[in-house]
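Just so you know, these numbers come straight off a predicted model, no measurement behind them.
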Amino acid sequence: MNLLDVENGMKNGCVSLPFELQPETIAIQEAVKVILKGLGEDLNREGIKKTPFRVAKALRQGTRGYKQKVKDFVQSALFPETGLDDGQAGGVGGLVVIRDLDHYSYCESCLLPFQVKCHIGYVPSGQRVLGLSKFSRVTDVFAKRLQEPQRLADEICSALQHWVEPSGVAVVLQCSHPHHGFVELITVKSGSGSFEDESSELWCEFLTLLKFKGVKLSRDVSVVGDWCPFVTENSDADSEMVSAVVSILRALGEDPSRKELVSTPNRFLKWMMKFQNVNFEMKLNRLDCKFEERRLCCEMNIKFWSMCEHHLLPFYGVVHVGYFCGDGSKPVERSLVESIVKFYGFKLQVQERMTRQIAETLSPQVHGDVIVVAEAAHTCMISRGIEKFGSSTATVAVLGRFSSDLSARTKFLESIQKT
């Protein structure tokens with residue numbers, strides 16, 4: 001670190017350390033190494049070497065809200081607007097609705113990221129309005145913490161009511177928590193001021209405006225047990241690995257003894273142990289098939305769940321498999337294909353490798369001609385770095401005839417479109 005770096009990093013008489021040298025980053029890296037060893041991984045494997053640092057970076061970025069304050073975003077963005085003395089109650093100022101703010105947060109029960117679509121309604125008062133971009137900023141302050149949906153909605157609502165001082169604030173969150181390839185969407189609401197009564201005409205107007213623009217509200221959830229599928233999955237884990245997760249919680253700025261977090265390390269580790277490195281021969285008995293004249297057979301939409309080995313964040317989706325089968329022969333059983341997909345999914349993975357491994361394992365069963373397409377959503381795309389919502393990734397592996405026969409590949413890909 002040169003003199004200029006030191007001078008620029010001075011704050012309250014202290015030097016600001018580079019990210020990689022900060023104690024929180026180092027603590028998370030050491031904890032991740034313990035978890036990887038517990039999963040049977042080789043810390044020197046090429047794809048794993050930098051995983052501890054990448055995980056530390058992603059987690060600290062994903063929980064940056066602990067070090068942010070709402071007033072820093074709001075106080076300079078309150079703009080004067082005449083005619084808004086008493087808000088809607090005075091018949092002058094009307095309802096303002098900000099829709100479709102995409103965010104993500106980390107579930108405090110299992111440490112997995114979940115997606116949030118936030119809708120905010122408020123009635124300005126005091127002859128001032130808040131700059132529209134700051135609603136997303138305020139949401140982000142609370143989303144970038146370990147959370148559960150109802151508390152997140154309440155904190156956003158309370159903060160806006162306190163710092164903006166409108167006649168009332170309403171917050172609706174649509175939250176999706178991925179679990180074993182299924183994503184369940186739930187809705188939570190919070191209101192303050194003129195929105196305290198959810199049966200009021202103002203709430204009705206707000207929800208009508210949301211529905212008018214195509215926002216589909218799903219079931220309400222009142223308790224966390226209805227939200228996170230891992231709450232009921234308590235079990236004892238390796239004490240060293242539990243201590244590692246506890247140290248991660250502390251490094252993120254949380255209190256591991258908080259009642260909502262006491263069981264989180266065990267839940268997280270039970271989930272991670274699903275991706276333990278095991279021997280494939282324990283899982284599959286070879287199937288010997290003899291094919292003559294061939295026809296295209298397909299197994300579509302086989303759901304899978306996996307874990308990115310670079311960031312220890314989940315990705316999930318479907319796998320489609322095509323191969324040639326003799327007219328008089330019985331096709332490979334779907335259950336066999338599903339078991340292969342599940343096996344390679346439940347590993348620390350990258351999607352490209354998983355697709356190739358599925359194809360290579362199926363190839364001997366179908367005389368070498370196989371095509372595999374995997375389609376997946378990656379939570380690392382929304383919970384770190386670019387924070388790109390709505391993207392998906394498709395990977396293709398081809399062997400045998402499919403590698404040289406364009407018409408065969410085209411026929412299979414067209415069959416995917418029909419599913």
Side-chain angles (χ1 to χ4, degrees), residues 64-105 115-145 147-175 185-218 220-221 387 389:
R64 61 181 179 266
Y66 287 114
K67 297 185 177 181
Q68 294 177 328
K69 296 181 179 179
V70 171
K71 68 176 182 178
D72 294 338
F73 296 109
V74 172
Q75 285 184 331
S76 62
L78 290 169
F79 302 104
E81 186 64 34
T82 58
L84 296 177
D85 293 322
D86 299 312
Q88 184 156 324
V92 180
L95 174 63
V96 178
V97 178
I98 303 94
R99 288 184 292 257
D100 300 326
L101 301 176
D102 285 318
H103 290 269
Y104 76 91
S105 188
Q115 191 166 341
V116 179
K117 189 175 287 289
C118 178
H119 314 283
I120 298 172
Y122 86 113
V123 180
S125 66
Q127 295 193 4
R128 60 183 185 176
V129 296
L130 178 65
L132 295 179
S133 67
K134 303 310 175 185
F135 288 95
S136 189
R137 291 286 191 185
V138 171
T139 300
D140 196 61
V141 168
F142 296 105
K144 295 304 183 291
R145 303 178 184 189
Q147 282 286 9
E148 60 91 8
Q150 187 59 60
R151 186 173 73 246
L152 176 57
D154 291 342
E155 289 178 343
I156 296 169
C157 184
S158 177
L160 289 171
Q161 185 69 44
H162 176 77
W163 291 104
V164 182
E165 297 182 345
S167 294
V169 178
V171 176
V172 171
L173 301 183
Q174 295 174 288
C175 303
L185 187 68
I186 60 97
T187 299
V188 293
K189 307 184 188 77
S190 186
S192 61
S194 53
F195 283 97
E196 284 187 2
D197 181 6
E198 285 196 21
S199 63
S200 68
E201 292 183 0
L202 197 53
W203 257 108
C204 182
E205 180 181 346
F206 175 47
L207 296 177
T208 298
L209 285 170
L210 294 183
K211 294 175 182 177
F212 178 70
K213 284 297 183 179
V215 176
K216 297 180 179 179
L217 302 180
S218 56
D220 293 347
V221 167
E387 298 185 18
F389 291 84

Spell out, as yes or no, whether a donor-acceptor pair under 3.5 Å connects the side chain of Q115 to the backbone of H103. no
OG on S194 to CD on Q161, rounded to 0.5 Å: 7.5 Å
Can you tell me how the ring of F135 sits relative to the ring of Y122, calling it parallel under 30°, perpendicular over 60° and tilted otherwise? tilted
All ring-ring contact (aromatic ring centres under 6.0 Å, His included) counterparts of F142, not counting sequence neighbours: none
Does the R64 side chain pair with the main chain of D140, one donor and one acceptor, at a distance under 3.5 Å? no
Shortest non-hydrogen separation from Q147 to S105 and the atoms involved: CB-OG, 3.4 Å
Testing the basics here: between A153 and V188, what is the closest heavy-atom pair and its distance to 0.1 Å? CB-CG2, 4.0 Å
For S190 and Q150, which heavy atoms make the closest approach, and how far apart are they? CB-NE2, 4.3 Å
Separation between CH2 (W163) and CG (L78), nearest 0.5 Å, reads 10.5 Å
Show your working on side-chain contact (heavy atoms from CB on, under 4.5 Å) between L207 and V172 and close with a plain yes or no. CA-CA 9 Å; L207 296 177; V172 171; 4.1 Å; yes
Going by heavy atoms in the side chains, are F195 and L202 under 4.5 Å from each other? yes
For a quick test of reading the model, state the closest non-hydrogen atom pair linking K117 to D100 and the distance between them. CD-OD1, 3.5 Å
Could you give the distance from CG (L173) to SG (C118), rounded to the nearest 0.5 Å? 5.0 Å
Distance check, rounded to the nearest 0.5 Å: L209 atom CG versus H119 atom NE2? 12.0 Å
Could you check whether atom CZ of R137 has more than 12 heavy atoms from other residues, nucleotides or ligands sitting under 6.0 Å from it? no
To the nearest 0.5 Å, tell me how far Q174 CD sits from D102 CG. 10.0 Å
Closest non-hydrogen atom pair, R145 against G65: NH2-O, 3.0 Å
Please round to the nearest 0.5 Å and tell me the distance separating atom CZ of F206 and atom CD1 of I120. 8.0 Å
Is the positively charged end of K144 above the ring of Y104, judged by distance under 6.0 angstrom from the centroid and angle within 45° of the axis? yes
Looking at every non-hydrogen atom in both residues, tell me the closest pair between P124 and P166 and how far apart they are. CA-CB, 4.4 Å
